[in-house]
Amino acid sequence: MFHTLPAPSSMIWNASRSCSCMGLIGNKKLLFSVRRPCNRGLKILNKQQQLSSWAVTGTFFCSNNRHRRNSSSVKKQVPQNVDLPQVLPKKKKKPYPIPLKKIQQAARMDKKLAQMGIEKPLEPPKNGLLVPELIPVVHEVLDAWKLLIKGLAQLLHVIPVYACSDCSEVHVAEAGHNIQDCLGTANAKRRSFHSWVRGSINDVLIPIESYHMYDPFGWRIKHETRFDYDRIPAVVELCIQAGADIPEYPSRRRTKPIRMIGKKVIDRGGFVEELRPWKSADSTTVVDLDTHEASRRLPPPALSEVPRISQETVEAYETVRSGVRKLMRKYTVKACGYCSEVHVGPWGHNAKLCGEFKHQWRDGKHGWQDATPDEVFPPNYVWHVRDPKGPPLKSSLKKFYGKAPAVIEVCMQAGARIPDKYKPMMRLDIIVPEDEEARLVA
């Protein structure tokens, strides 16, 4: 005797693969695989249909084995090698991090609501209020930022770092490399060889600064008033606007949300007199947040403490990167599409300081667009050196070398463990051949 099993609506199967069929004969349940393709959707078989194809008849339903797989059993595979980071051309605008069609679609929706007189729906922090869930992340990022500066300043007394005096190239080794990729001034006279000088912490940790604003939704910074605002690290400014309280850099905390219709702010709680930053004589908080003369402030570490300091620096670096990424998912940060200028706030400033591609057409104004985490906290990739005391890197063997962030490279040479996500780009499994063998490699 045959019984019909009710076919659930969730059992939808694509007919390009095999399926498993289930049926009831008496009180027994039968489950077997069928290699014969079924039509799209649910396939119901009865006694009259497919009698010549299957020995067992009855009412069955088919489901895809692909949906039966346990996603937790699939192991996450780490790529063996990845491509080196792409260098964006300077004579071209940066790509938009958000597709242009989505930007235009959101703009049309805001315009439509404005024409109807409907306020723009805003959620924290877009309405000027803080996000309470991100307050612990802010304090973690600030503490890790201080530890990162302190650790790098101490490690640079032990690990040598060289920087090119004509371009932005940085190399972590006992001597500079011989790779001919200098794009600085008068590079043709030097056949694209770099002009190496002793590097500092600002060469490893690129200082991306931003204007500190007491009220990000207040008056915009004009070109004539740009000197009235302090420049602080963009990571610190992002933490201040996200809820960090630093007495030297006050910030306005709203209790009522702002209201907007389209691009116009109709209620911002009024304009208040901005509190200017101040610095006390015995204040060490601001000093610890800046990389200026950090190596001079901190003494060289003991050789026995170098591995511990390097490992703590790597962990602080990862904490800052992950924290900045979490904060930027909520808080707006703008970056120029032509230069490295960054501004933390709902809209950019009006200072005419851009000197990159086609700046004459824009009268020196920045081309603001949404920023990426790498623009706020750049990784600053450098060549990975397996033997810092060995021979310098050569241009003929350039394709066999890998890269890593400058902070990771410094800490690795100081004895820290390499995070797994950086190993594919460092190309640790590639054997660097000799000059004579390199011609035989495909």
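These values consider heavy atoms only, across backbone and side chains, with no hydrogens, waters or symmetry-generated copies.
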Identify the heavy atoms of [X] and [Y] that sit nearest to each other, and give their distance.
X    : Y    : answer
V320 : V141 : CG2-O, 4.0 Å
S200 : L156 : C-CD1, 3.7 Å
G243 : I135 : CA-CD1, 3.9 Å
L130 : P124 : O-CB, 3.8 Å
L393 : V385 : CD1-CG2, 4.3 Å
L298 : A153 : CD1-CB, 3.6 Å

Are the ring centres of Y317 and F377 closer than 6.0 Å?
->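 Yes; F377 has its ring centre under 6.0 Å from that of Y317.
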If you round to the nearest 0.5 Å, how far is [atom2] of [Y] from [atom1] of [X]?
X    : Y    : atom1 : atom2 : value
Y422 : Y381 : OH    : OH    : 7.0 Å
K403 : M425 : NZ    : CE    : 9.0 Å
S396 : Q180 : OG    : CD    : 9.5 Å
E174 : I159 : CD    : CD1   : 8.0 Å
L84  : K398 : CG    : NZ    : 9.0 Å
I266 : I258 : CD1   : CD1   : 10.0 Å

May I ask you to decide whether [X] forms a salt bridge with [Y], counting only side-chain N to carboxylate O separations under 4.0 Å?
X    : Y    : answer
E305 : R308 : yes
D215 : R254 : yes
D288 : K146 : no
D374 : R321 : yes
K94  : E356 : no

Neighbour count above 12 (heavy atom, 6.0 Å) for [X] [atom1]:
X    : atom1 : answer
R362 : CZ    : yes
L100 : CG    : yes
D83  : CG    : no
H157 : NE2   : yes
R198 : CZ    : yes
L88  : CG    : yes
Q105 : CD    : no
E123 : CD    : no

Whether H171 and W196 hold their rings parallel, tilted or perpendicular, with breakpoints at 30° and 60° |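 Tilted, since the angle between the ring planes falls between 30° and 60°.
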Kindly assign one of parallel, tilted or perpendicular to the pair Y211 and H349, based on the angle between their ring planes and the thresholds 30° and 60°.
->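 Y211 and H349: perpendicular rings.
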Side chain [X], main chain [Y], donor-acceptor under 3.5 Å:
X    : Y    : result
E341 : H366 : no
R386 : Y401 : no
Q154 : I309 : no
H223 : K352 : yes
N127 : L129 : yes
D143 : E140 : no
N380 : D203 : yes
E375 : T372 : yes
S395 : N178 : yes
T225 : I221 : no

Going by atom types only, do H194 and N187 share a side-chain donor-acceptor pair under 3.5 Å?
->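 No, N187 and H194 have no side-chain donor paired with an acceptor closer than 3.5 Å.
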Is it true that the side chains of N202 and T291 contain a donor and an acceptor less than 3.5 Å apart?
->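 Yes, a side-chain donor-acceptor pair sits under 3.5 Å.
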Any side-chain heavy-atom pair from [X] and [Y] closer than 4.5 angstrom?
X    : Y    : result
T319 : L147 : no
Y96  : K93  : yes
M412 : H384 : yes
K126 : M260 : no
K334 : D370 : yes

Assess whether side chain to side chain contact (heavy atoms under 4.5 Å, CB included) is satisfied between E409 and W383, documenting all intermediate values.
-> CA-CA 8 Å; E409 183 69 18; W383 293 105; over 6 Å; no
Would K330 and E133 count as a salt bridge (Lys or Arg N to Asp or Glu O under 4.0 Å) if you check the C-alpha gap in whole Å, the side-chain angles of each, and the deciding distance to 0.1 Å?
-> CA-CA 11 Å; K330 292 289 186 178; E133 295 79 8; over 6 Å; no
